[in-house]
There are 2 protein chains.
Amino acid sequence: MVSIRDVAKAAGVSTATVARVLNGGTPVSPDRTERVLRAVQELDYVSNGVAASLSRGRTGLLGLLVSDIANPFTAQVARGLEDEAVRHGYQVLIASSDFDSEREAQVLASFARRTVDAVALLSSSGVGEGVARLIRNGIPTVFVDRRPPDLGEIPLVRTDSLSAAREAVRYLIDLGHTDLGMISGPAGMPTAAQRLAGFREACATAGLVVRPKCVREGFLGTQGGYTAMCEVLDLPVRPTAVFSFNNVLAIGALEAVRERDVRIPADLSLVTFDDTDLFPFVDPPITAIEQPAYDIGAEAGKLLFARIDGAETAGTDVVLPTRFHVRGSCDRPGR
Amino acid sequence: MVSIRDVAKAAGVSTATVARVLNGGTPVSPDRTERVLRAVQELDYVSNGVAASLSRGRTGLLGLLVSDIANPFTAQVARGLEDEAVRHGYQVLIASSDFDSEREAQVLASFARRTVDAVALLSSSGVGEGVARLIRNGIPTVFVDRRPPDLGEIPLVRTDSLSAAREAVRYLIDLGHTDLGMISGPAGMPTAAQRLAGFREACATAGLVVRPKCVREGFLGTQGGYTAMCEVLDLPVRPTAVFSFNNVLAIGALEAVRERDVRIPADLSLVTFDDTDLFPFVDPPITAIEQPAYDIGAEAGKLLFARIDGAETAGTDVVLPTRFHVRGSCDRPGR
DNA sequence: CTGAAAGCGCTTACAG
DNA sequence: CTGAAAGCGCTTACAG
């Protein structure tokens with residue numbers, strides 16, 4: 001590989017001069033500038049980014065840990081973060097844990113090795129030691145969507161899950177439903193707890209009793225939504241409306257619904273957290289809570305760069321608004 | 001930051017010994033091993049990954065260039081690639097060009113700086129100089145899904161777009177359609193050309209004439225599909241069946257269809273390349289060609305690692321099978 | 001099994 | 001404006 005020394009030799013200058021020409025900033029005489037440029041051209045020189053990172057002390061990389069990049073919400077967050085990164089001359093290193101906490105730990109360990117300048121976390125498990133080390137090592141970190149309870153000082157960008165859930169469920173109640181169910185998320189996940197709390201609050205406020213068996217915890221993935229919905233639908237008495245933790249679980253739930261020939265919304269009303277391009281075209285169109293995923297990602301990026309630039313961001317909690325899309329998957333109860 | 005020298009000092013050994021303990025491989029006496037481990041613990045030492053990359057001459061990173069990670073096909077490819085990467089102790093650096101060729105060039109330039117050990121390309125434009133430089137610099141590269149015409153020697157992982165398209169269109173013809181349209185992809189994209197060719201071949205074989213105005217080129221993104229479908233539907237005489245270049249365009253097409261109260265499949269039959277979780281639930285369920293996106297990504301990873309391990313991969317062309325899902329969006333023509 | 005030392009390929013005060 | 005040189009923090013022959 002041709003190195004900066006080869007270029008310097010060919011141009012008859014020092015490596016310092018080559019670096020100055022290539023990186024700009026410091027002035028270099030036109031004469032030498034041209035000689036360097038020509039040598040670069042002739043030798044087809046490309047600088048070594050790793051070496052540059054080492055001496056500069058920064059990599060120009062933002063780390064993003066996600067559970068599954070194929071989740072549409074996650075992908076949009078990634079896009080928002082990436083666009084913000086590009087604006088600052090950065091790139092994003094996305095790692096999917098696939099809900100595997102060991103893989104998550106490996107990714108965090110790798111981030112802690114300063115392979116990235118800052119980290120955004122949109123991960124599933126409570127994480128634990130991995131994040132703590134990241135922070136002890138002084139790597140700017142931001143949580144996206146949710147944050148483990150014991151890390152309150154780390155900034156967070158999110159929506160208000162609790163009130164959005166409460167509002168959606170109140171919508172169902174206003175329609176006349178009195179027997180509601182929920183396909184919930186994993187118990188350890190803060191947003192799962194919040195959405196469930198919103199669900200319960202709305203029911204409690206309306207004086208409704210929630211039957212324990214109507215609340216099923218679905219592990220993430222469509223399969224989890226399918227299983228949970230099967231359990232709900234196979235109850236001796238079905239609830240007349242179900243609230244789903246997110247769009248992935250909702251898709252699984254739809255499979256269960258179809259399999260049992262349950263009609264939506266005649267037999268069952270359905271509302272879900274997280275929207276999708278195709279929800280308006282589903283039979284029937286799915287009523288959903290939209291989160292501004294792209295903006296969440298962008299906001300996380302802004303926080304990270306503010307921190308990189310020396311700003312104090314501890315304790316920041318950015319809350320972005322949700323939108324409720326009323327479509328065709330809800331109706332008044334049939335009984 | 002605590003460095004390997006601090007650890008060496010604290011443990012009373014050389015930095016070489018610390019490295020040996022931490023990286024394994026070379027044997028170290030139990031006594032020193034323990035001292036090192038204790039020092040690491042006490043100092044909360046985390047090695048610097050960038051420095052390690054520089055001296056090892058490898059970063060443990062695979063670069064993946066995509067147009068849009070939010071495209072479900074792309075996301076699945078990324079997952080397949082990533083899982084393969086993890087199997088080899090690697091991570092994936094995903095960069096979205098967002099269909100911007102300047103951004104694409106920047107990403108390729110960054111990859112060429114050896115910030116990654118190998119590269120998988122799933123990008124939109126013909127690319128040009130960026131890829132050429134990558135290859136001149138000896139960075140193992142693989143194309144995914146499509147490859148610019150002049151880079152035939154670089155390995156490629158793909159499906160057979162032409163015959164899959166032909167088969168899907170023949171299905172429409174067998175249903176009795178004689179006036180077909182297509183929402184095509186950007187003219188410069190090889191897969192767009194191939195799917196269009198498949199469409200034309202099927203029509204020609206059946207002796208059908210394709211009206212030029214029934215073939216619209218949609219720029220990528222749902223908006224492009226919407227516009228293209230609008231043009232088709234606003235023709236004085238509508239075709240009775242339309243074949244869509246991919247799922248994203250199909251979603252835009254559905255918007256146009258809905259807006260005009262066209263009924264699928266009664267007024268119009270629709271088939272699209274690329275499947276989606278939700279297509280079975282759309283009204284009506286969308287008939288689609290599924291590509292094994294995850295496997296495509298995994299296969300690309302295998303090729304890259306084979307090449308990293310010294311194997312010769314030039315000229316490789318891996319073709320994976322598609323699956324045709326007949327659902328409810330096609331019927332015999334109504335007229 | 002171990003350490004001194006060179007080397008990876010840049011960047012950047014420092015002195016001129 | 002310019003170059004010699006130190007330094008970024010590891011890894012790895014080399015000699016013992």
Can you give the donor-acceptor pairs under 3.5 Å from side chains of residues 71-86 of chain A to other protein atoms, not counting sequence neighbours?
unit_1: A:Asn71; atom_1: OD1; unit_2: A:Phe73; atom_2: N; d: 2.7
unit_1: A:Asn71; atom_1: OD1; unit_2: A:Thr74; atom_2: N; d: 3.3
unit_1: A:Arg79; atom_1: NH1; unit_2: B:Asp68; atom_2: OD1; d: 2.5
unit_1: A:Arg79; atom_1: NH2; unit_2: B:Asp98; atom_2: OD1; d: 2.9
unit_1: A:Arg79; atom_1: NH2; unit_2: B:Asp98; atom_2: OD2; d: 3.3
unit_1: A:Glu82; atom_1: OE1; unit_2: B:Ser96; atom_2: N; d: 3.4
unit_1: A:Glu82; atom_1: OE1; unit_2: B:Ser96; atom_2: OG; d: 3.0
unit_1: A:Glu82; atom_1: OE2; unit_2: B:Ser96; atom_2: N; d: 2.7
unit_1: A:Asp83; atom_1: OD1; unit_2: B:Arg103; atom_2: NH1; d: 3.0
unit_1: A:Asp83; atom_1: OD1; unit_2: B:Arg103; atom_2: NH2; d: 2.9
unit_1: A:Asp83; atom_1: OD2; unit_2: A:Tyr294; atom_2: OH; d: 2.4
unit_1: A:Glu84; atom_1: OE1; unit_2: A:Arg87; atom_2: NH1; d: 2.4
unit_1: A:Glu84; atom_1: OE2; unit_2: A:His88; atom_2: NE2; d: 3.3

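Taking atom P on both D:dT2 and D:dA6, the two are 22 Å apart, rounded to the nearest angstrom.
We find that B:Arg147 and B:Glu153 are not joined by a salt bridge, their nearest charged nitrogen and carboxylate oxygen being 4.0 Å or further apart.
Among the protein residues, A:Ser47 comes within range of the sugar-phosphate backbone only, with heavy atoms under 4.0 Å from sugar or phosphate atoms but none that close to a base.
Residue B:Tyr45 places at least one side-chain N or O closer than 4.0 Å to OP1 or OP2 of D:dC10. Dashed line: the shortest gap from a side-chain N or O of B:Arg32 to OP1 or OP2 of C:dG3 is under 4.0 Å. Listed pair B:Arg114 / C:dG9 fails the phosphate criterion, with no side-chain N or O lying under 4.0 Å from OP1 or OP2.
Atom CZ in B:Arg58 sits roughly 11 Å away from atom P in D:dT11 (whole-Å rounding). Here D:dC8 presents its P atom at 8 Å from CZ of B:Arg5, a figure rounded to the nearest Å. Atom pair A:Asp6:CG and C:dG9:C1' shows a separation of 11 Å (rounding to whole Å applied). The distance from atom CG of A:Asp31 to atom P of D:dT2 is 8 Å, rounded to the nearest whole Å. Computed from coordinates, the A:Asn137 CG to D:dG9 P distance equals 13 Å when rounded to whole Å. If you take NZ of A:Lys9 and C1' of C:dG9, they are 13 Å apart, rounded to a whole angstrom. Nucleotide C:dA5 holds its P atom 17 Å from the CD1 atom of B:Ile4, rounded to whole Å. The distance between atom CG of A:Leu22 and atom C1' of C:dT11, rounded to the nearest whole Å, is 12 Å.
Looking only at side-chain heavy atoms (C-beta outward), B:Arg32 and B:Arg20 stay at 4.5 Å or farther from each other. In this structure, A:Val21 and A:Leu37 have side chains that are in contact, with non-hydrogen atoms separated by less than 4.5 Å. Residues B:Leu65 and B:Leu108 have side chains in contact (heavy-atom distance under 4.5 Å, counting atoms from C-beta outward).
Using Watson-Crick or G-U wobble geometry with both donor-acceptor distances under 3.5 Å, C:dA13 finds no partner in any strand shown. If you check C:dA4 for Watson-Crick or wobble pairing at under 3.5 angstrom, you find it has no partner at all.
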Table of protein N/O atoms under 3.5 Å from nucleotides 12-16 of chain C N/O atoms:
unit_1: C:dA13; atom_1: N6; unit_2: A:Arg20; atom_2: NH2; d: 3.2

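With values rounded to the nearest 0.5 angstrom, A:Leu121 atom CG is found 10.0 Å from A:Arg146 atom CZ.
Position along DNA chain D of the nearest nucleotide to B:Asn48 versus A:Ser14 favours A:Ser14 as the more 5'-ward residue.
Checked against B:Leu22 for a side-chain contact (heavy atoms from CB on, under 4.5 Å), the options B:Thr17, B:Val40, B:Val28 give a single hit: B:Val40.
Within a 6.0 Å radius of CZ in B:Arg5, no more than 12 heavy atoms belonging to other residues, nucleotides or ligands are found.
Picking from C:dG9, C:dC1, D:dC1 the nucleotide with the shortest atom distance to the side chain of A:Pro27 gives D:dC1. Closest to the side chain of A:Ala52, from the set C:dG3, D:dG3, C:dC10, is C:dC10.
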